[in-house]
Amino acid sequence: MTTKFATVGLLIAALFISGCNETLEDISPTSEKANKPLPAKVVQTLKAKGMSTTSPIMIRIFKEEAVLEVWKQKDNGRYDLAATYDICKWSGRLGPKFVEGDRQAPEGFYTVRPYQMNPRSSYHLSFNIGFPNNYDRAHGRTGQHLMVHGACSSAGCYSMTDKQVEEIYAFARDAFKGGQEAFQIQAFPFRMTAANMARYKDDPNYEFWTMLKEGYDHFELTKVPPKVDVCGKRYVFNAMPEAGKTFNPVAACPPMTRPATLEAAYQSYLKTYQAAFDAALNKKSDKAPSPSI
């Protein structure tokens, strides 16, 4: 009996030091909530945009705006916005998650596979976003069980209403049933516009956010989730190492190349962006920066 109560005590303690106290489960639906179809109105919207219910998805999250977007692949291979949800709660401040227990919702590029889906979640429904990833581990960042989930309660996670998470879960479940092996989550502090970047130019996280912005920009240009790797303790996007070389998260980046058309489009975009950034610096913003870690 003493051992039993000691075990329970450890579990209760873990609730306060972990992410959202969730575990990874199989995607197999075990309840009605995990097997609800997408609403008919959503399905009609998808069809009108050239998407099927089982086509691949991608998720974008913006902390400051408290928005979660579901993007879906169209018949032409490019992605388009399928649905937008107001995040009910996210914890912490702007900026990445650093250590277990800091109650920070992560920022970065993450991957969700079927085994990360939890139809038996104590938070209605949930999926693990995959923190820590290779970038986080290269920087010694710690934490576990960071989720997108229901119940509108957050301790380091992105929490939705139960109705919202049922739809988001259905988007992911159907994409996996359609053959998608993993979907990408892009979690940003805010929409990475020139105005917002100028507003946060003095923030200690600015260099980190500038790195995330490159992946944001690649998606904006191509409307295809970027290929994400880590080398030299930084993210690299849509890059291929030279023959015989590989990306190592903690070793220097090897010589690498990107598709010529993408590189040309990106360099052209940077010129336009720099002009907009400079103009934003010379114009006082009406919105003060939000607190950051």
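Residues take their numbers from the sequence shown, with the count starting at 1.
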Could you check if a side-chain atom of Lys213 sits within less than 4.5 angstrom of a side-chain atom of Tyr273, using non-hydrogen atoms only? yes
Under 3.5 Å, is there a donor-acceptor pair between the Gln186 and Gln184 side chains? yes
Ile293 side, atom CD1; Arg103 side, atom CZ - distance, nearest 0.5 Å: 12.5 Å
To the nearest 0.5 Å, atom CZ of Arg137 lies from atom CZ of Phe131 at 9.5 Å
Tell me, please, which residues at least two apart from Lys89 pass side-chain hydrogen bond (donor to acceptor under 3.5 Å, both in side chains). none
Test side chain to side chain contact (heavy atoms under 4.5 Å, CB included) applied to Arg258 and His218, step by step: CA-CA 11 Å; Arg258 291 183 177 85; His218 279 213; 4.0 Å; yes
Does any N or O in the side chain of Ser292 come within less than 3.5 Å of the main-chain N or O of Leu94, such that one atom is a donor and the other an acceptor? no
Do Arg60's NZ or CZ and the ring of Tyr79 fall within the cation-pi criteria of under 6.0 Å and 45°? no
Whether Ser55 side chain and Ser52 backbone form a donor-acceptor pair below 3.5 Å: yes
Does anything in residues 211-293 form a disulfide (SG to SG under 2.5 Å)? List the pairs, not counting sequence neighbours. Cys231-Cys253
Is there a side-chain contact between Trp90 and Tyr158, using heavy atoms and a 4.5 Å cut-off? yes
Using salt bridge (charged side-chain N to carboxylate O under 4.0 Å, His left out), reason through Asp229 and Lys227 one step at a time and then give a plain yes or no. CA-CA 7 Å; Asp229 292 285; Lys227 174 180 174 290; 2.4 Å; yes
Whether the side chain of Lys63 engages the backbone of Ala105 through a donor-acceptor N/O pair (distance < 3.5 Å, no angle test) should be reported. yes
Give me the ring orientation class for Tyr216 and Phe188: parallel if the planes are under 30° apart, tilted from 30 to 60°, perpendicular past 60°. perpendicular
So, do Ile57 and Trp71 sit near enough that their side-chain heavy atoms are less than 4.5 Å apart? no
Keeping Asn196 on the side-chain end and Met192 on the backbone end, is there a donor-acceptor pair under 3.5 Å? no
Roughly how far, to the nearest 0.5 Å, is SG of Cys152 from CG of Asp162? 9.0 Å
Does a side-chain heavy-atom distance below 4.5 Å link Pro241 with Thr246? no
With a 3.5 Å distance limit and no angle check, can you tell me whether Ser126 reaches the backbone of His149 through a side-chain donor-acceptor pair? no
Lys201 and Leu281 have their tightest heavy-atom pair at CD-CD2, 3.1 Å
Does Asp86 offer a backbone N or O that forms a donor-acceptor pair with the side chain of Gln164 under 3.5 Å? yes
Can Lys36 and Glu166 be counted as an ion pair, charged N to O under 4.0 angstrom? yes
Aromatic ring centroids of Phe237 and Phe109 under 6.0 Å? yes
Separation between CD1 of Ile185 and CD of Glu107, rounded to the nearest 0.5 Å: 13.5 Å
Answer with yes or no whether the side chains of Glu64 and Tyr200 bring together a donor and an acceptor at under 3.5 Å. yes
Heavy-atom donor-acceptor pair, Glu214 side chain to Val236 backbone, under 3.5 Å: no
Taking atom CD of Glu207 as the centre, report whether more than 12 heavy atoms of other residues, nucleotides or ligands fall under 6.0 Å from it. no
Within the side chain of Asn35, is there an N or O that forms a donor-acceptor pair under 3.5 Å with the backbone of Glu32? no
Less than 4.5 Å apart, any side-chain heavy atom of Phe219 and any of Val224? no
Looking at side-chain heavy atoms only, is the closest gap between Leu68 and Thr84 below 4.5 Å? no
Output the distance between atom CG (Leu81) and atom CE (Met51), rounded to the nearest 0.5 Å. 7.5 Å
So do the side chains of Ile61 and Val67 get within less than 4.5 Å of each other, counting heavy atoms only? no
Pairing of Lys223 and Asp80 as salt bridge, 4.0 angstrom limit: no
Excluding sequence neighbours, so at least two apart, what forms side-chain contact (heavy atoms from CB on, under 4.5 Å) with Asn133? Tyr110, Tyr135, Asp136, Tyr235
Between Thr54 and Asp174, is any side-chain donor less than 3.5 angstrom from a side-chain acceptor? no
Quick one: does any side-chain atom of Gln116 pair with a main-chain N or O of Arg113 as donor and acceptor, under 3.5 Å? yes
Nearest-0.5 Å distance, SG of residue Cys157 to CZ of residue Phe127: 11.0 Å
Please name the pair of heavy atoms, one in Ala170 and one in Leu38, separated by the smallest distance, quoted to 0.1 Å. CB-CD2, 3.9 Å
Search all heavy atoms of Pro39 against all heavy atoms of Glu167 and return the closest pair with its distance. CG-OE2, 3.4 Å
Would you say the ring centroid of Phe183 lies under 6.0 angstrom from that of Phe171? no
Minimum heavy-atom distance Pro119-Lys33, with the two atoms named: O-CE, 3.8 Å
Nearest heavy atoms of Asn128 and Val112, plus distance in Å: O-CG2, 3.5 Å
Side-chain donor or acceptor of Lys283 paired with backbone N/O of Ala195 under 3.5 Å: no
Taking all heavy atoms of Thr222 and all of Arg78, pick out the closest pair and write down the distance. O-NH1, 2.9 Å
Inspect the contact between Glu69 and Arg191 and indicate whether a charged nitrogen and a carboxylate oxygen are less than 4.0 angstrom apart. yes
Do the side chains of Ile129 and Pro106 get nearer than 4.5 Å, heavy atoms only? yes
